[in-house]
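This one's a predicted model, so the numbers in the text were calculated from it and none came from an experiment. This chain uses plain numbering: 1 for the first residue, then up along the sequence.
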Amino acid sequence: MSILFLVETALILIPAFVLRIKTARETPRTMLKMATLACLGGMFYRFIPTTIAFIPHIALDIFPALPEVLMAIGYISLGIVGFLLAVKYFAVLPGDIKDWNHMFRARPGAGQRPSPVKTLNQPARRRTSMAASLSTR
């Protein structure tokens, strides 16, 4: 249990110390990595005491019911949709969207697809990447 405590504490403290450096705060990739580590640390902080460290005195087989699992999935989905709407309609990301395009590609050129074959009756659709859909303009 002490190792788990040290891991969760490190996952919260490392981003706190790294983000005190001005160049780290100005680099989008570093900010993303540190925010991810801090979120993992917070998740461990809530997860470990309620699942791993909890040992009831009597033998219990506790597993969430289907409605509880569906509610959890629904709240997570609601949070994701709320974040996407906030980023799309408010100026959350500093700078222009073209500066953030590289953050949404897994590898260079991943967002580029070959153009679809045109048919006679269908006009060609304009493909937009996820980053372009986040534009606030």
Is a side-chain donor or acceptor of R25 paired with a backbone partner of M31 at a separation under 3.5 angstrom?
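Between the backbone of M31 and the side chain of R25 there is no qualifying donor-acceptor contact (under 3.5 Å).
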Could you grab the distance from atom CD1 of I14 to atom CG of L19, nearest 0.5 Å is fine?
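If I round to the nearest 0.5 Å, the distance is 11.5 Å.
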Shared hydrophobic cluster for [X] and [Y] (ILVMFWY, side-chain gaps under 4.5 Å):
| X | Y | value |
| --- | --- | --- |
| L4 | L6 | no |
| L37 | V7 | yes |
| F17 | L11 | no |
| Y45 | L40 | no |
| F5 | F44 | no |

In chain order, what residues pass the side-chain contact (heavy atoms from CB on, under 4.5 Å) check against L85, with sequence neighbours excluded?
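For L85 the side-chain contact (heavy atoms from CB on, under 4.5 Å) partners, ignoring immediate neighbours, are V81, Y89.
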Any side-chain heavy atom of T30 within less than 4.5 Å of one from K33?
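Contact flag for T30/K33 side chains = no.
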Indicate the atoms forming the closest heavy-atom contact of A38 with P15, along with that distance.
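Smallest interatomic distance, heavy atoms only, reads N-CG, 3.7 Å.
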Would you tabulate the side-chain donor-acceptor contacts of residues 67-78 under 3.5 Å, counting partners in other chains and residues two or more places apart, or write 'none'?
{"from": "E68", "atom 1": "OE1", "to": "A65", "atom 2": "N", "distance (Å)": "2.9"}
{"from": "S77", "atom 1": "OG", "to": "I73", "atom 2": "O", "distance (Å)": "2.9"}

